[in-house]
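Note on naming: letters A, B, ... go to the chains in the order of the sequence lines (proteins, then strands), and numbering restarts at 1 for each one.
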Amino acid sequence: MRLYNSLTKRTETFEPKREGIIDIYVCGPTVYNYIHIGNARPVVFFDVVRRFFEHMGYTVNFVSNFTDVDDKIVTKALEDETDEMTIANRFIEAFYRDVERLGSTTKYLAPRVTEHMSAIIDYIDRLVRSGYAYERNGNVYFRVSEIPDYGMLSGRRVEELMEGARVSVEAEKENPLDFTLWKRVEEGVTYPSPWGEGRPGWHTECVAMIEEIFGGHIDIHGGGTGLMFPHHENEIAQHRAVHGHPIANYWMHNGLLNIDQQKMSKSEGRVILVKDLDYDYMGFRLFTLNTHYRAPIDYSDETLTNHVNDWQKIKRTYAQTFYRLDLAEKLDRNGSFDSRLNRIYHNFIEAMEQDFNTPNAITELHNLTKYANQKLREKDTFPQMRAAVELFDTFFRVLGLDPRVRRLTQNDRALYHAWTEARQHKEYERADAIREKLQERGII
RNA sequence: GGUCCCGUAGCCAAGUGGCUAAGGCAAUGGACUGCAACUCCGUGAUCACCGGUUCGAAUCCGGUCGGGACCUCCA
């Protein structure tokens with residue numbers, strides 16, 4: 001398995017800390033709104049990462065958090081005249097609904113910041129005691145100058161950051177680059193701490209939860225490119241301060257999703273929410289996976305339509321192969337893998353092992369589709385068709401695609417036989433009426 | 001001002017030094033069919049431009065043009 005490591009900027013051979021087990025953490029959403037299709041990208045991609053590792057026999061401990069304490073949630077609660085917990089719960093539920101729509105599994109550990117507040121406060125306290133952080137008027141800041149290679153992940157040097165005209169200037173900070181660990185606040189929910197009532201900054205939650213859940217050192221840390229700076233940079237700094245070693249062996253960052261060549265922007269009305277997507281979600285999933293995860297994706301209706309069509313063809317082929325076998329009572333037989341199918345499987349795995357080259361993996365899905373369609377037109381190919389269905393099932397499981405094809409009912413069979421009979425007797429009007437029903441159900 | 005990424009057929013996209021530059025969508029010709037749909041077979045690229053390195057470059061280096069991101073919350 002080869003993985004591009006954002007930390008070292010090179011493709012490396014992946015080796016987990018423990019034989020056969022992979023600990024992975026992906027930064028999750030701040031739950032103050034419905035997620036948009038850009039947020040959907042890591043939801044889909046890291047789901048595929050997990051699925052592929054599981055296919056390869058690994059046990060994957062997958063954790064992705066919910067940020068349910070944040071200024072934006074406080075603002076939203078004030079707007080809606082309710083409390084933060086209500087807002088968070090509402091959007092966590094909505095998040096799970098969207099994740100399911102996208103075909104990603106919801107069965108993973110999803111810790112909430114509110115459930116780990118004492119761990120977060122304790123973490124900050126240790127940073128203060130060891131001199132890596134300092135308190136000013138109820139605010140706590142991280143002392144960036146204590147970390148010599150600060151900026152290594154995002155490829156920035158401290159001097160460059162200092163020169164940036166837009167670095168925020170807060171008088172009480174020792175250094176403009178110092179970031180907030182704890183914030184004294186007047187408005188919204190607060191928590192008691194050694195520095196008074198307030199709320200934690202955003203950057204400590206992930207490291208504190210990783211420490212509490214995994215013991216402080218994981219295999220893979222994932223997230224969107226947009227989080228590299230400053231969030232992940234700050235995670236690295238804090239973890240380095242407390243533990244003296246890197247928090248994760250591999251960092252994986254997915255590229256962003258733009259709309260019409262530009263970044264999604266709420267203020268400019270260029271946002272598409274997952275729940276409002278008026279397309280087949282499996283087609284959308286295929287669309288995101290058809291570009292390598294590190295490259296940016298440019299969304300347009302035309303491009304998405306391309307992949308929705310792709311998916312329809314794949315799904316149709318699968319369904320027809322499946323139903324043909326079902327009608328012939330051959331679904332329970334064993335498949336026969338010929339050299340062509342073996343090569344398709346082999347190429348698929350090879351593509352995935354090459355830093356999750358899902359576009360090339362999808363090419364093999366197309367090759368399989370062609371194979372199945374060819375077998376459908378040839379005589380006496382049930383064993384090969386059966387093998388194709390098995391391989392489809394494997395690819396679908398790894399990529400998280402679901403054609404929603406189930407075994408035929410008695411009614412479906414009767415309909416099919418009636419159609420065949422009508423055609424044999426050249427009763428075309430009746431045959432066409434039945435055909436329409438069969439097509440509606442995707443059986444032919 | 002500083003840092004960085006990208007430009008492959010109408011559209012999406014893989015390939016990052018070496019066989020005829022994968023694959024899909026769209027288009028188009030043919031086959032199959034009672035008609036149709038589906039499907040199958042076939043058809044498409046001086047790899048933005050200019051120069052350099054090399055026996056050899058889409059791939060490396062320099063420049064030009066074009067697009068975008070980050071340095072502030074951001075998947």
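Residue contacts for A:N373: at a heavy-atom cut-off of 4.0 Å it reaches the sugar-phosphate backbone alone, with no base atom in range. Base contact: A:G38 has a heavy atom under 4.0 Å from a base atom. Looking at heavy-atom distances under 4.0 Å, A:H253 makes no contact with the nucleic acid at all.
Considering only side-chain atoms of A:L256, the nucleotide from B:C25, B:A75, B:C70 that sits closest is B:A75. Taking every side-chain heavy atom of A:N360 into account, B:A22 is the closest of B:A22, B:A75, B:C12. Of the listed nucleotides (B:C40, B:C73, B:A75), B:A75 has the atom at the smallest distance from the side chain of A:H36. Ranking B:C12, B:C70, B:G23 by closeness to the A:T303 side chain, first place goes to B:C12. The side chain of A:R316 lies closest to B:C38 when the candidates are B:C12, B:G23, B:C38. For A:N357, whose side chain is taken as the heavy atoms from C-beta onward, the closest listed nucleotide among B:G23, B:A75, B:G15 is B:G15. Closest to the side chain of A:N309, from the set B:A75, B:C25, B:A14, is B:C25. Counting only heavy atoms from C-beta on, A:T291 has its side chain closest to B:A13 among B:A13, B:G23, B:A37.
One atom, CG of A:L304, and another, P of B:A26, lie 14 Å apart when rounded to the nearest Å. When the P atom of B:A37 is taken as reference, atom CD of A:E436 falls 15 Å away, rounded to whole Å. Rounded to whole angstrom, the span from the CD atom of A:E429 across to the P atom of B:G34 amounts to 18 Å. Here the P atom of nucleotide B:G67 and the CD1 atom of A:I297 are 23 Å apart, to the nearest Å.
When the shell of 6.0 Å around CZ of A:R407 is examined, it contains more than 12 heavy atoms from other residues, nucleotides or ligands.
B:U64 and B:A48 make up a base pair, with Watson-Crick or G-U wobble contacts both under 3.5 Å. Pairing partner, B:U33: none, since no Watson-Crick or wobble contact has both distances short of 3.5 Å.
Comparing B:G51 with B:G23, their P atoms sit 32 Å apart, to the nearest whole Å.
Side-chain atoms of A:R413 come within 3.5 Å of backbone N or O of A:D326 as a donor-acceptor pair.
Between B:G15 and A:Q354, no contact under 4.0 Å exists linking OP1 or OP2 to a side-chain N or O.
Both tests hold for A:R294 against A:Y4: distance to the six-membered ring centre under 6.0 Å, angle to the ring axis within 45°.
Using a cut-off of 4.0 Å between Lys/Arg side-chain N and Asp/Glu carboxylate O, A:D80 and A:R90 are scored as salt-bridged.
Counting only N and O atoms by type, the side chains of A:R184 and A:T190 include no donor and acceptor under 3.5 Å apart.
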